[in-house]
Protein chains: 2
Amino acid sequence: MIRLRKDAEVTLFPSHAQKPADFQHWLGSLRGRFEDYLTKQGLNLTKQRETILHCLTEADQHLTAEQIYDQVKKKDASIGRATVFRTIKLLQECGLVDEIASLRGSAKFELKADRPHHDHMICVECGRILEFQSPMMEKFQDEAIRKQGFTALWHRHEIFGRCKLCQKQRS
Amino acid sequence: MIRLRKDAEVTLFPSHAQKPADFQHWLGSLRGRFEDYLTKQGLNLTKQRETILHCLTEADQHLTAEQIYDQVKKKDASIGRATVFRTIKLLQECGLVDEIASLRGSAKFELKADRPHHDHMICVECGRILEFQSPMMEKFQDEAIRKQGFTALWHRHEIFGRCKLCQKQRS
DNA sequence: TCAATAATGATACTCAATCTCAATTTCAAT
DNA sequence: ATTGAAATTGAGATTGAGTATCATTATTGA
């Protein structure tokens, strides 16, 4: 028999993460982590890659690659689309960025950085993405993985439906 | 404090579902459910749609639309790709088929029919899809949905990693 | 029967994402 | 600073899954 504390069940997150108080320091530390990873791979932190990371830190919502590209062009119009895609992939590899499947079409991305793992509810009406966390859910997931003898690399848990606001507008 | 029975936690499924003993009866009942849905929508159960459903009942693994198309052509070479895509969509709408995101590229589909809800582990090496079920995980998920005031329509919970066999081959 | 509607298959198209490749930049070792 | 190897880039071509179009065929209900 497993016993659970009721208050440990589920936590809702605000719809987009709050920026750290010391933004510059935070940005610097992320840049450092990116550079460490690149160096380890024999790659360099170019100004394009820095610009793209910078745009992601400024975003306060989940963005598609195209939306990131639009933001990037405001800072440096010469950066190409391919570079944005390539850099997002690098950021995923080093664990700084997570991909979230959008309803249809292009994927959306979020800066993971040091945020705790969380899952998503995606509104099929307005596209809003809500975040939640449930350590107990993770616990049972891990149990399934262990039982199966599987080695998990990453996972996605996405609930599609209608958010509170869009339900109101319907009725 | 919530108390859980340890044996209610996690169930693993065999990698592909077993066929019901009375296959013909099962197929007939699925055909009936499909027809009911179509009729309700003012649509007809054509021989093409019947053939596609039939192929899905015979499959013993998760298939991409293209793979379903290949199977369908063995039964009736005149059926077009578009019809396969359209029919899969109809089968999803009436709850007979579920979509599973594959690692990359095309989606995979499985016949849901009366199988209990389950989630998937997807091996990034060999593409194998393993199934598991955790009522408790669902419970916490529902709690998050309730707290958020969300109305869930469907969800996907997919764990990507390496299966037991592919780990062995690596070491 | 026959008009209205549904369904089909071939093909053109869309769109995100990836690939190619020549040109440029960066780095490490002189 | 110079140089050669390797990394990086941007433009544009390409891929590939899925969708839209549309003329033709099938089905339905009056």
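Keep in mind that what you see is a predicted model, and the values were worked out from it rather than measured. Per chain, numbering begins at 1; letters A, B, ... match sequence-line order.
Rounded to whole Å, the distance from CZ on A/Arg86 to C1' on C/dC21 is 11 Å. For B/Ile88 and D/dG18, the CD1 to P distance is 8 Å, given to the nearest whole Å. Whole-Å rounding puts the B/Leu90 CG to C/dA6 C1' distance at 12 Å. In this structure, CD of B/Glu99 is placed 11 Å from C1' of D/dG18, rounded to the nearest angstrom. In this structure, B/Lys89 atom NZ and C/dA7 atom P are separated by 15 Å, rounded to whole Å. One interatomic measurement links the two molecules: CD of B/Gln41 to P of C/dA7, which rounds to 10 Å at whole-angstrom precision. What separates CD of A/Glu35 from C1' of C/dC27 is a distance of 13 Å, to the nearest Å. In this entry the distance linking CZ of A/Phe85 with C1' of C/dC15 reads 10 Å, nearest Å.
Applying the 4.0 Å criterion to OP1 and OP2 of C/dA7, one finds that B/Lys47 has every side-chain N and O outside that range. For A/Thr83, a side-chain nitrogen or oxygen approaches OP1 or OP2 of D/dG10 to under 4.0 Å.
Closest contact between the side chain of A/Ala65 and the listed nucleotides D/dT21, D/dT19, C/dA17 involves C/dA17. Ranking D/dT9, C/dA17, C/dG9 by closeness to the A/Ser106 side chain, first place goes to C/dA17. Residue B/Gln48 has its side chain nearest to C/dG9 when only C/dA6, D/dG18, C/dG9 are considered. Listed nucleotides: C/dA6, D/dG18, C/dA17. Nearest to the side chain of B/Leu43: C/dA6. Taking every side-chain heavy atom of B/Asn44 into account, D/dT27 is the closest of C/dT8, D/dT27, C/dA17.
The only member of A/Arg156, A/Arg115, A/Lys108, A/Lys112 that meets salt bridge (charged side-chain N to carboxylate O under 4.0 Å, His left out) when paired with A/Asp98 is A/Lys112. No option in A/His120, A/His118, A/His117 other than A/His118 meets the ring-ring contact (aromatic ring centres under 6.0 Å, His included) test with A/Phe13. Just one of B/Gln67, B/Glu110, B/Glu99 meets the side chain to side chain donor-acceptor pair (under 3.5 Å) condition when paired with B/His62; it is B/Glu110.
Within the nucleic acid shown, A/Arg49 comes within 4.0 Å of sugar-phosphate atoms alone, with no base atom in reach, counting heavy atoms only. No contact: A/Glu66 has no heavy atom under 4.0 Å from any strand.
Relative orientation of the A/Phe140 and B/Phe140 rings is parallel, given thresholds of 30° and 60° on the angle between their planes.
Residue whose closest nucleotide on DNA chain D sits further toward the 5' end, between B/Phe109 and B/Thr46: B/Phe109. Residue B/Gly42 is the one, among B/Gly42 and B/Gly80, whose nearest nucleotide of DNA chain C lies closer to the 5' end (criterion: closest heavy atom). Comparing B/Leu38 and B/Ala82 along DNA chain C, the residue whose closest nucleotide (by nearest heavy atom) sits nearer the 5' end is B/Leu38.
Residue A/Arg81 places no side-chain atom within donor-acceptor reach of the base of D/dG12, judged by atom type and a 3.5 Å distance cut-off alone.
Between B/Lys19 and B/Ala59, the closest heavy-atom pair is NZ-O, 2.7 Å.
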